[in-house]
Amino acid sequence: MDKRVEKKKLDLASRYQALTQDLQWDTSYQPTEKVFPYARYEGIRVNDWSQWQDPFKMTLDVWWRQQSEKDRRLYAVLDAFAQNNGQIGVSDARYVNAVKLVLQAFAPLKYAMHRALAHSARNLPGDAARIAAQIQATEQLRHSQLTLHAASVYNKYFNGMHAAPRWFEQAWYLAPVKSFADDIASAGPFELMVAISFGFETLLSDTLYVPFMSAAAHNGDLSTVPVGFSSQSDTTRHKQASIATVKFLLQQDALNVATVQRWVDKWFWRSFRLMPLVAMLQDYMVPKRVGSWKESWDTFVEAPIDALFEELAPYGLKKPAGWQAACAAKDHLSHQAWNAFYGYGHALAFHTWVPGHDELEWLDRKYPNSFDRWYRPRLTHYAQLEAAGKRFHNHALPMQCQVCQQPMMFTEPGDGRWIAYRETKHEAESFHFCSDQCQTIFSNEPEKYLQAQLPSHAILQGSQGEGFEDALQASIANVGVVIGRDNGEFHGSEDDTNFTQWGGGQDMKEAQL
Amino acid sequence: MSNVFIAFQANEESRPLVDAIVADNPEAQVVYSPGLVKIDAPNRLVVKRETIEEIIGRKYDLQELQINLVTLSGNLDEDDDEFVLSWKH
Amino acid sequence: MSVTAIGTYTHTSHDTPERFAAPLLYVAWDEHMMFAAPAVVPLAMHTSMAEVQSKVLPALYSAHPDFERIQWSQVQWFCGDRMFTPKPNSTLADHGFEHKSVLRFRTPGLEGLRGSCG
């Protein structure tokens, strides 16, 4: 009788050591500076890479298996959704516009993050950090692909999804996201780890990939829900690795502290300036609502990030410079964003609408300090105009912030009355910003941001096309958006009439949780 | 004192994880929203391999929990036996 | 140069005045955020304030119910943050406007749809 011998396995910590840090070697026939040419120019000093460790201790052997398993399950759901006409099971066809916006803005952003992280994956001198960056880079590509696959079912039945990559590059309202992508593309390997994994993913990504995905579930979107949740399980590892990276950089050299602080300030704010899209997804674009943007902010940003920065304080790091302003915006952000997008609804690649009565009541309940005072009167007015056949269209080209490239639609922090204006004269030219934080970002790297091609300016410099309502609309028609079919008022659109004909939709009683 | 939290996709596989966490963390609070189960705990939350194994009746590798994990908050300390989230302050 | 770069870093502004048919003026009606953001308007700086009031502003803002109620003698005018009083027969340039200046005006007592600044 053979005795079964238990094969000795390395424990988690030892396996991680063996498969990451122990792979490190000092170059001998080429100088290190030549092998890692981007390691020093950002001014970051690292003395001992062996101190860097991924808290999840993820090694490639485990990673392959896990990711395969996650993908198998996910694609089974996507297949089932497609085979079973899941697209007519969503709450109502307005919901699909949320999918469109995620496809147009965030799938390409994830793709850009993948490209940027590939740069870190090659150029960070520490082996354990490089392996983590390789994993992260691959996962950002995964997230981009998953979103494309989830949206592809909808693309067969609804409008506004057929040229998203092109719109990312050239549609005026996606310029804030594109400019974020371009900014990380031009950052060095250390900055972009802080920018992507800490700035966007740790500080803010939960708002898009957790409560919004719960809302997707509530609206019957079986396709997107597992994509979002499964993506965020990857992102959880990125977040932990980024916190480890920030602590590591702060500890490696006191001279790193000022640089890391500047990056944290910049990338928190650049990430926050993408949140108008997320906020309006949650408050306006999901017909059945699970919770407000404000509640998501409290649960997934304000409380946990407060705790995180208390944890990081002994290392010399302070809360991001824009923290107070961002928290003060929670009563206003989604409403200001939807107000702007509604007015420019003739020049987007998705539909807009005024929320129905129950939805307006929900918004008032969730925003007792701001909704009735500042925002309901506008929506009521728009509904009246629409009922009279005179839907409101804002025909002016919007002024954009030089740094974040959002329309200058944000009010002073915590206020609902005055649009915030900031101005800097640089080498005799005036530049304008939406906030103190964008102005500071400019002042730290003016040569970078003075090169921005702001959409409204670019439109004025090009030929503006004829037969359109205005230059903004002409600019999106120019990149393959079909006016009136892919955009404009939702009610009466082809999406709307098709969905009704197909017998789509859910019982909307108890729709607002 | 601040909360830590962990959230999973709400499905049959994550149920024993939630049960184990509630058993090992008396102050934990469980919150459900469509598709998602989130567990908050003041300052510290531990997921123990042994407790999960007792519930599911087979050997369990703690790294498996990542299949259904969605997000978490807190400092992570992980070995083969325990997955611990905590704030040091 | 403040940008951290590994080599030579060139930088050109895309918004210098010669790139546009006319200098750019940013225009906004404070407390009327139905127009969500200021407008970008190419406009010669020798345009008279009278023409701004009679042609440019109506084209931008007459859709708003408050517009026909504006009492022009009560309007407050701003060049950036600086309040100014338009002189008769004056031009934008006379009041310090140039390429990429911001013109804002306020209509005391008219604060948007039901006073919501919308």
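Just so we're clear, the structure is a prediction, and the values are computed from it rather than from any experiment. Each chain gets a letter, A, B and so on, in the order its sequence line appears, and its residues count up from 1.
Residues of residues 7-32 of chain C lying within less than 4.5 angstrom of chain A, judged on heavy atoms, are C:Tyr9, C:Thr10, C:His11, C:Thr12, C:Ser13, C:His14, C:Asp15, C:Thr16, C:Arg19, C:Phe20, C:Leu24, C:Tyr26, C:Ala28, C:Asp30, C:Glu31 in numerical order. Contacts between residues 95-114 of chain C and chain A, counted as heavy-atom pairs separated by less than 4.5 Å, involve C:Glu98, C:Lys100, C:Val102, C:Arg104, C:Arg106, C:Glu111, C:Leu113, C:Arg114. Contacts from residues 60-74 of chain C to chain A, taken as heavy-atom pairs separated by less than 4.5 Å, involve C:Leu60, C:Pro65 in sequence order.
Residues meeting the salt bridge (charged side-chain N to carboxylate O under 4.0 Å, His left out) test with A:Glu33, sequence neighbours left out: none.
Each of A:Glu427, A:His432, A:His395 has some count of heavy-atom pairs under 4.5 Å with chain C, and the biggest count is that of A:His432. Of the listed residues (C:Ala37, C:Ser116, C:Cys117, C:Gly80), the greatest number of heavy-atom pairs within a distance under 4.5 Å of chain A belongs to C:Ser116. Taking chain C as the reference chain and counting heavy-atom pairs below 4.5 Å, the highest number among A:Cys434, A:Pro377, A:Pro407, A:Ala452 is found for A:Pro377. For the set A:His381, A:Arg417, A:Met408, A:Met409, the entry with the most heavy-atom pairs within less than 4.5 Å of chain C is A:Arg417.
At a 4.5 Å heavy-atom cutoff, the contact between A:Glu429 and chain C is made by side-chain atoms alone. Contact annotation for A:Ala428: neither backbone nor side-chain heavy atoms come within less than 4.5 Å of a heavy atom of chain C. Within the 4.5 angstrom heavy-atom criterion, no atom of A:Phe341 approaches chain C. There is no contact between A:Phe410 and chain C, counting heavy-atom distances below 4.5 Å. Residue contact with chain C, scored on non-hydrogen atoms closer than 4.5 Å, involves the backbone and the side chain of A:Ser430 alike. In this structure, chain C has a heavy atom under 4.5 Å from the side chain of A:Thr411, while its backbone stays farther away. In this structure, no portion of A:Tyr342 lies under 4.5 Å from any heavy atom of chain C. Within the 4.5 angstrom heavy-atom criterion, only backbone atoms of A:Asn444 (N, CA, C, O) approach chain C.
Between the side chain of A:Asn339 and the main chain of C:Ala36, no donor-acceptor pair closer than 3.5 Å is present.
Rounding to the nearest 0.5 angstrom, the gap separating the CD1 atom in C:Ile6 from the CZ atom in A:Arg40 is 11.5 Å.
Side-chain atoms of C:Ser2 and A:Pro446, non-hydrogen and from C-beta on, do get closer than 4.5 Å to each other.
In terms of heavy atoms, C:Val3 sits closest to A:Lys448 at CG2-N, 3.7 Å. Between C:Ala5 and A:Tyr41, the shortest heavy-atom contact is C-CD1, 3.7 Å. Contact record, C:Val40 with A:Ser456: CG2-CB, 4.0 Å, taken as the closest heavy-atom pair.
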Practice task
Could you walk me through whether C:Phe35 and A:Phe392 pass the side chain to side chain contact (heavy atoms under 4.5 Å, CB included) test, one step at a time?
Solution key: CA-CA 10 Å; C:Phe35 310 98; A:Phe392 172 62; 4.2 Å; yes

